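Report on the following structure.
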Amino acid sequence: MSEQSRGTGRIRGTGSRRRKPTRRHRAKVIAAWTVAGVVVVGGAGLGYAYMALDGNLSSIDIDAKLGTDRPDDVDDGSQDILVLGSDSRSGDNGKYGQDEGAARSDTAMVVHVDKGHNSASVVSIPRDTLIERPACASDATDETVPAEHRAMFNTAYEVGGPACAVKTVESMSGIRMDHYLEVDFTGFKKLIDELGGVEITTKTAIDDSKSHLDLEPGTHTLNGEESLGLVRTRKSVGDGSDLGRIQLQQAFIKALIDQTKSVGVFSSPKKLYGLADAATKAVTTDSGLGSVKKLTGFANGLKGLGADNVHMVTLPVEYDPADPNRVLPQEKAGRQVWAALKNDRPIPASATEKSAGDKGDADKVVE
């Protein structure tokens with residue numbers, strides 16, 4: 001399916017990998033980082049519940065689907081994870097709208113954890129970024145879907161499922177993804193509610209008819225539904241585009257990481273089990289994380305991470321001159337971002353300073 005056939009635009013402008021060892025579009029990816037945070041908080045205490053919780057997990061064998069034609073798997077202790085959210089309206093998610101054909105990945109983040117597991121870099125990829133999509137095996141039929149020029153990034157998941165999304169990111173970045181995480185709306189809300197909500201301070205009022213969120217300036221403890229509304233909000237951020245919404249989500253994720261660090265789950269086995277139950281029901285993983293034992297081992301490696309040592313950026317982009325509802329990667333700046341991850345170094349500020357994605361003004365809305 002070509003980029004032109006996707007309907008009206010969603011972005012409106014006013015202008016080599018390592019092996020050691022969360023109501024609509026973006027919400028699921030936030031939950032995936034939450035899952036990691038929750039399991040980090042309670043990881044050591046999950047042993048008694050392994051068998052019960054294993055049945056909650058869904059997993060996909062990405063390696064088997066992609067074969068050997070991938071970037072090198074470099075064993076240096078760092079990790080790269082594709083965190084994805086699709087826009088399926090199946091099951092309990094139907095209340096947020098009807099499916100429009102196949103599901104698409106309306107949120108994507110590449111999470112790079114450094115080899116010492118002391119810091120992480122997160123690169124958000126705007127869903128309407130026009131890219132060179134590689135040929136992929138269809139998830140539904142195993143037939144090969146041809147490569148496409150100027151395809152929207154989120155069509156990779158639509159035409160080929162998780163494996164095609166991973167292949168597309170690896171093609172863009174030259175970096176092998178060690179793991180894959182995908183989360184849904186309902187799981188996101190339940191997880192936030194199990195956490196007891198997330199505290200956010202708004203600098204200005206938020207009133208967004210699409211996300212159904214209405215907040216006065218001040219400090220709020222958002223429940224699951226309200227948190228879902230916040231990460232869907234765009235009309236109250238910058239120029240009203242998805243680029244601004246990404247920045248708002250990034251601010252929410254940092255608050256979420258702090259929240260998972262502060263929840264006293266060790267003192268309450270019931271709360272620990274509730275969080276772990278919600279977390280494992282919320283995610284689909286690659287087979288390398290497809291058990292509670294594996295997921296806990298992965299999460300235990302993130303224990304040293306807090307909001308202050310998680311650096312979040314948006315892939316450097318510019319509005320497409322031919323269509324202001326789409327964005328194009330800034331090739332030189334993008335190479336700087338991917339090179340930093342590949343070489344296990346911080347992303348230089350210069351890589352994003354001229355990006356349209358760096359002008360969402362979310363910092364004027366939330367602290």
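If you're wondering where the values come from, they're calculated on a predicted model, not measured in any experiment.
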[X] versus [Y], closest heavy-atom pair with distance:
X	Y	answer
M177	R70	O-NH2, 3.4 Å
H117	G77	NE2-O, 2.9 Å
P146	R133	O-NH2, 3.5 Å
I347	S121	CD1-CB, 4.0 Å
P71	G174	CB-O, 3.6 Å
G196	T221	O-CG2, 3.7 Å

For residues [X] and [Y], determine if any side-chain heavy atom of one lies less than 4.5 Å from a side-chain heavy atom of the other.
X	Y	value
M109	I125	no
F252	V198	yes
H112	S78	yes
P162	I62	yes
K203	P217	no
L341	V110	yes
Y319	R326	no
V337	R335	no

Using side-chain hydrogen bond (donor to acceptor under 3.5 Å, both in side chains), reason through S124 and Q250 one step at a time and then give a plain yes or no. CA-CA 9 Å; S124 297; Q250 291 172 349; 3.1 Å; yes

Could you measure the distance from the [atom1] atom of [X] to the [atom2] atom of [Y]? Nearest 0.5 Å is fine.
X	Y	atom1	atom2	result
D320	D128	CG	CG	11.0 Å
M172	I131	CE	CD1	6.0 Å
K115	D76	NZ	CG	6.0 Å
L289	L57	CG	CG	9.0 Å
L84	Y180	CG	OH	4.0 Å
D208	L230	CG	CG	10.0 Å

Under 3.5 Å, side chain of [X] to main-chain N/O of [Y], donor-acceptor pair present?
X	Y	value
N343	A339	yes
T201	G218	no
Q330	K354	yes

With a 4.0 Å cut-off, would you call [X] and [Y] a salt bridge?
X	Y	result
R345	D114	no
D69	K167	no
D193	K189	no

Residues [X] and [Y]: side-chain donor-acceptor under 3.5 angstrom:
X	Y	result
R245	T233	no
T280	N56	yes
S59	S287	no
E199	T219	no
H179	D80	no
H149	E132	yes

V317/L243 under side-chain contact (heavy atoms from CB on, under 4.5 Å): CA gap, chis, key distance, verdict: CA-CA 10 Å; V317 293; L243 297 177; 4.2 Å; yes

Determine whether I60 and K65 satisfy the following criterion, side-chain contact (heavy atoms from CB on, under 4.5 Å), listing intermediate values before the conclusion. CA-CA 9 Å; I60 299 168; K65 288 182 176 292; 4.2 Å; yes

Would K254 and D308 count as a salt bridge (Lys or Arg N to Asp or Glu O under 4.0 Å) if you check the C-alpha gap in whole Å, the side-chain angles of each, and the deciding distance to 0.1 Å? CA-CA 8 Å; K254 291 209 168 188; D308 292 341; over 6 Å; no

Step by step, would you call F153 with V169 a side-chain contact (heavy atoms from CB on, under 4.5 Å)? CA-CA 9 Å; F153 172 80; V169 170; 3.7 Å; yes

Start with the C-alpha gap between L82 and L181, add the side-chain angles, then the distance that decides, and say whether side-chain contact (heavy atoms from CB on, under 4.5 Å) holds. CA-CA 6 Å; L82 176 59; L181 283 169; over 6 Å; no

